[in-house]
Amino acid sequence: MKKIVVVEDDLFMREELMDVFGKAGYETSCVTDFYRTIEEIEQKGADIVLLDLQLPGKNGFEICQELKRQHSVPVLVLTSRDRLKDELHALELGADEYLTKPCPSSRLLARTENLLKRFAGREGMLDGDGFLFDYRTFTVYIDQTANLLTEKEGKILHELLLKRGEVVEKEVLFQALWGTTEYIDENALQVTMTRLRKSLEKLGLRERIETIRGIGYRLNGTKNEGEANE
């Protein structure tokens, strides 16, 4: 039985949604502490997240972005915000489906089922925008083809994916690779980073890792102009 976690602060709407999914054969759960939304979703072990955008604490956009950086769980946004720019923004942040209220239960269930089919077999993987990464085995999947990285390459890619689009400081990578930030030769990190870049380039993922000089590295969907790689 697939488990859906409902993130909706309107009590009446939340109970209605849980009733709809419960009758359709889903195991249902809901978030009640909207200042610990990510933590509650993680604790409940969702197969799919139904997410409203207008919430107390962090809004749905922030929750979606943070959730998709760390997990492969599909996110279906259900909101009263029907502006195109809101939909595009949610999709850019990683939402997998966007529906507006009021929404017929038949449509909601159909979209949910389609999402689960699309994500079948992706459990434990991170989405790298063009590839999937299994951080348990350090394997990159592109078009159903598996490509194994070395352990060190995989650990670096994992850290970069967890903060995709943001700078990962060298000290974080030192800790991930060697369990310490002391007495580490930066050249050792650069050698491993060069190997990872070459591995990704062989897979057609060129220039995805940027060097932020003196600070660390960043993984982007496309390379930013004006920033050089080492």
Side-chain angles (χ1 to χ4, degrees), residues 2 4-21 24 26 28-31 34-35 37-38 40-42 46-120 122 125-133 142-143 161-167 205 207-208 210 218-227:
K2 295 296 184 180
I4 185 163
V5 173
V6 177
V7 186
E8 167 64 66
D9 64 322
D10 182 281
L11 179 59
F12 176 79
M13 177 62 70
R14 184 166 70 231
E15 291 181 347
E16 181 179 352
L17 290 170
M18 293 181 68
D19 182 61
V20 167
F21 282 101
Y26 289 86
T28 62
S29 184
C30 65
V31 169
F34 295 98
Y35 294 89
T37 303
I38 297 294
E40 283 211 23
I41 292 172
E42 291 173 338
D47 292 302
I48 187 167
V49 175
L50 187 66
L51 177 66
D52 189 19
L53 293 179
Q54 295 174 261
L55 298 166
K58 291 182 179 179
N59 63 44
F61 292 118
E62 295 173 298
I63 293 167
C64 179
Q65 183 179 42
E66 186 175 343
L67 188 63
K68 295 298 284 190
R69 279 179 181 161
Q70 301 180 39
H71 304 281
S72 59
V73 62
V75 174
L76 191 160
V77 170
L78 180 65
T79 178
S80 58
R81 299 175 67 153
D82 59 359
R83 294 180 299 180
L84 178 59
K85 69 175 185 178
D86 288 328
E87 179 176 355
L88 294 177
H89 186 44
L91 295 174
E92 287 171 357
L93 294 177
D96 302 289
E97 185 63 86
Y98 192 101
L99 293 173
T100 55
K101 304 171 187 174
C103 178
S105 59
S106 57
R107 177 179 297 171
L108 179 59
L109 290 170
R111 296 292 179 86
T112 299
E113 185 176 347
N114 284 340
L115 265 185
L116 288 170
K117 289 179 180 177
R118 280 166 48 193
F119 276 75
R122 294 192 189 183
M125 296 191 192
L126 295 176
D127 189 343
D129 187 12
F131 67 92
L132 294 174
F133 179 63
I142 300 178
D143 298 328
L161 277 167
L162 289 178
K163 297 187 68 175
R164 194 176 74 194
E166 298 182 12
V167 179
L205 302 169
E207 299 182 331
R208 293 292 301 274
E210 299 180 39
R218 176 170 60 199
L219 180 70
N220 287 331
T222 56
K223 184 173 182 293
N224 290 339
E225 295 297 328
E227 293 191 31

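The residues of the chain are indexed from 1 along the displayed sequence.
- To the nearest 0.5 Å, atom CG of residue Leu53 and atom OG1 of residue Thr100 are 11.0 Å apart.
- Here the closest heavy-atom approach between residue Leu161 and residue Gly128 is recorded as CD2-CA, 3.5 Å.
- When all heavy atoms of Leu78 and Lys101 are compared, the pair lying nearest together is O-CE, 3.4 Å.
- Taken from CD1 in Ile38 to SG in Cys64, the straight-line distance is 9.0 Å, to the nearest 0.5 Å.
- In terms of heavy atoms, Val73 sits closest to Asp96 at O-OD2, 4.2 Å.
- Here the OG1-CZ distance, from Thr112 to Phe21, works out to 3.5 Å after rounding to the nearest 0.5 Å.
- In this structure a side-chain-to-backbone donor-acceptor pair under 3.5 Å is missing from Gln65 to Glu62.
- Contact of the Thr37 side chain with the Leu55 side chain is not registered, since no non-hydrogen atoms from C-beta on lie closer than 4.5 Å.
- Between Leu67 atom CG and Glu42 atom CD the span is 7.5 Å, to the nearest 0.5 Å.
- Between Met13 and Asp10, the shortest heavy-atom contact is N-OD1, 2.8 Å.
- Here the closest heavy-atom approach between residue Val77 and residue Ala95 is recorded as CG2-CB, 3.8 Å.
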Item checked: Stepwise side-chain contact (heavy atoms from CB on, under 4.5 Å) test for Glu15 and Leu11 -> CA-CA 6 Å; Glu15 291 181 347; Leu11 179 59; 3.6 Å; yes
Next item on the list: Please report the C-alpha distance between Lys117 and Glu113 in whole Å, then the side-chain angles of each, then the deciding distance to 0.1 Å, and finally whether the side-chain contact (heavy atoms from CB on, under 4.5 Å) criterion is met.
Entry: CA-CA 6 Å; Lys117 289 179 180 177; Glu113 185 176 347; 3.5 Å; yes
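- The side-chain contact (heavy atoms from CB on, under 4.5 Å) with Leu50 is formed by just one residue from the set Leu108, Leu99, Thr28, Val5; it is Leu108.
- Taking the side chain as every heavy atom from C-beta outward, Arg118 and Pro74 never approach each other to under 4.5 Å.
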Notebook entry, point to check: Please walk me through it: do Asp86 and Thr79 pass side-chain contact (heavy atoms from CB on, under 4.5 Å)?
Noted result: CA-CA 10 Å; Asp86 288 328; Thr79 178; over 6 Å; no
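- One finds the OH atom of Tyr98 at 10.0 Å from the NE2 atom of His89 (value rounded to the nearest 0.5 Å).
- Atoms CG and CD, on Asn220 and Glu210 in that order, are 4.5 Å from each other to the nearest 0.5 Å.
- Lys68 places no side-chain N or O within 3.5 Å of a backbone atom of Leu126 that could act as its donor or acceptor partner.
- In terms of heavy atoms, Glu8 sits closest to Phe34 at O-CZ, 3.5 Å.
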